[in-house]
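Below, each value reflects all heavy atoms present in this structure, side chains not excepted, and no hydrogens, waters or symmetry copies.
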Amino acid sequence: MLTKPAGLLLIDKPQDFTSNDVVALSRRILRTKCIGHSGTLDPMATGLLILLLERPATRLQEKFLKLPKVYQAELTLGTETDTWDAQGAVVNTLPVPPLTLEQIRQAAQTLTGKVRQQIPPFSAKKINGRKMYDLAREGAPVQDRFNEIEIFSWTDWTFDGANKIGFTLHCSCGTYVRAMALMLARQLGTTGHLTALRRLSIGPFHVDQALDGLKLKTAPREEIVQFLQEPVL
């Protein structure tokens with residue numbers, strides 16, 4: 001166990017915190033400026049965020065960013081928002097056809113493997129140095145952007161028989177679960193938006209190993225330092 005603020009710090013990010021909020025809190029309590037992370041989480045999302053502290057860890061940031069990820073999510077059918085999640089404004093509603101769990105599984109199979117996904121307009125992706133969500137909030141016209149990712153599997157399905165679908169998504173880096181949820185809704189003949197999202201793992205690191213992010217506001221520095229790990233993949 002490391003006794004100085006260097007290495008990996010696994011955080012279970014609370015809801016309504018931005019990834020930058022977590023970084024800022026960690027900088028203050030650990031009294032360090034050299035912090036990177038392994039990929040942002042939307043404010044609505046909870047779950048694993050890996051902070052990389054000091055040069056031995058931050059130099060590995062690119063490798064950590066490329067690790068595969070696992071998410072647990074809930075999709076609500078019938079209503080689409082501008083952010084593609086529960087924090088946005090409703091922009092479209094469509095009826096939800098009668099569905100079975102088997103139909104949902106089959107639709108997800110068409111979205112497995114190499115997938116070309118649209119990058120959400122409200123995202124941190126940069127265009128000419130500016131984040132897409134800043135442009136979207138200003139109402140600036142932005143051409144749709146796409147990237148190719150890989151979906152390894154959809155598992156742990158639940159369905160309430162009406163409009164709520166739960167699933168676990170095993171995917172490559174660069175995957176926007178909001179985008180995949182919307183694509184699944186459209187495959188099912190309707191629309192939808194993400195109403196819950198939790199990142200369970202990044203590569204070999206699991207949220208069960210992480211420090212509750214709320215403790216960053218209250219826990220003493222010595223307690224947080226105990227959660228540091230060697231920066232080893």
Side-chain angles (χ1 to χ4, degrees), residues 38-48 65-88 90-125 127 132-133 136 142-204 206-207:
S38 62
T40 59
L41 280 173
D42 295 330
M44 186 191 84
T46 66
L48 184 59
L65 286 170
K66 291 180 178 179
L67 291 174
K69 299 174 175 67
V70 178
Y71 296 90
Q72 190 176 58
E74 180 188 73
L75 164 64
T76 297
L77 300 173
T79 307
E80 183 179 334
T81 68
D82 55 359
T83 59
W84 303 355
D85 66 19
Q87 295 192 324
V90 174
V91 294
N92 189 24
T93 58
L94 289 174
V96 180
L99 294 168
T100 66
L101 195 53
E102 184 55 34
Q103 287 175 309
I104 294 167
R105 287 195 182 101
Q106 289 176 2
Q109 276 299 113
T110 68
L111 300 171
T112 302
K114 300 288 186 182
V115 176
R116 184 173 183 261
Q117 66 167 7
Q118 183 181 346
I119 297 172
F122 284 84
S123 71
K125 180 74 173 179
I127 299 177
M132 288 179 68
Y133 60 66
V142 178
Q143 184 177 358
D144 290 345
R145 295 291 201 275
F146 296 84
N147 67 343
E148 186 176 274
I149 48 91
E150 186 169 4
I151 303 300
F152 305 117
S153 64
W154 306 69
T155 61
D156 304 326
W157 290 104
T158 62
F159 179 47
D160 69 352
N163 70 337
K164 300 279 189 186
I165 299 172
F167 59 89
T168 298
L169 190 68
H170 304 249
C171 56
S172 69
C173 66
T175 301
Y176 290 91
V177 185
R178 287 178 286 158
M180 297 311 303
L182 180 57
M183 290 172 73
L184 177 61
R186 289 172 175 169
Q187 283 290 107
L188 294 169
T190 183
T191 191
H193 68 280
L194 210 63
T195 42
L197 181 64
R198 182 165 175 76
R199 186 152 66 193
L200 301 180
S201 66
I202 300 173
H206 197 276
V207 71

Decide side chain to side chain contact (heavy atoms under 4.5 Å, CB included) for Thr155 and His170; before the verdict, give the C-alpha distance in whole Å, the side-chain angles of both, and the deciding distance to 0.1 Å. CA-CA 8 Å; Thr155 61; His170 304 249; 3.2 Å; yes

Do you know which two heavy atoms are closest between [X] and [Y], and how far apart they sit?
X      : Y      : result
Leu197 : Ala73  : CD1-CB, 4.0 Å
Cys171 : Ile151 : CB-CD1, 3.8 Å
Thr175 : Glu150 : OG1-O, 4.3 Å
Cys173 : Lys66  : SG-CA, 3.7 Å
Gln117 : Ala179 : OE1-CB, 3.8 Å
Ala185 : Gly192 : CB-N, 3.7 Å

Assess whether side chain to side chain contact (heavy atoms under 4.5 Å, CB included) is satisfied between Leu194 and Trp84, documenting all intermediate values. CA-CA 6 Å; Leu194 210 63; Trp84 303 355; over 6 Å; no

Looking at [atom1] of [X] and [atom2] of [Y], how far apart are the two atoms once the value is rounded to the nearest 0.5 Å?
X      : Y      : atom1 : atom2 : result
Trp157 : Glu102 : CH2   : CD    : 10.5 Å
Tyr176 : Ile149 : OH    : CD1   : 11.0 Å
Phe146 : Ile119 : CZ    : CD1   : 9.0 Å
Thr112 : Phe152 : OG1   : CZ    : 11.0 Å
Gln187 : Gln106 : CD    : CD    : 11.5 Å
Thr83  : Arg178 : OG1   : CZ    : 6.5 Å

Step by step, work out the side chain to side chain contact (heavy atoms under 4.5 Å, CB included) result for Leu99 and Thr190. CA-CA 11 Å; Leu99 294 168; Thr190 183; 5.6 Å; no

Contact between [X] and [Y] at the side-chain level, heavy atoms closer than 4.5 Å - yes or no?
X      : Y      : result
Leu41  : Tyr71  : yes
Ile104 : Trp154 : no
Leu184 : Leu75  : yes
Asp42  : Gln87  : no

Can a salt bridge be assigned to the pair Arg116 and Glu148 using a cut-off of 4.0 Å between side-chain N and carboxylate O? no

Would you say [X]'s side chain and [Y]'s backbone share a donor-acceptor pair under 3.5 angstrom?
X      : Y      : result
Thr191 : Leu94  : no
Lys164 : Ala162 : no
Asn147 : Gly174 : yes

Evaluate the side chain to side chain contact (heavy atoms under 4.5 Å, CB included) criterion for residues His193 and Thr79: first the C-alpha distance (whole Å), next the side-chain angles of each, then the deciding distance (0.1 Å), finally the verdict. CA-CA 6 Å; His193 68 280; Thr79 307; 4.0 Å; yes

Option among Leu101, Leu188, Thr195 that satisfies the side-chain contact (heavy atoms from CB on, under 4.5 Å) test with Ile165: Leu188

Tell me which one of Thr46, Val177, Leu48 satisfies side-chain contact (heavy atoms from CB on, under 4.5 Å) with Arg198. Thr46

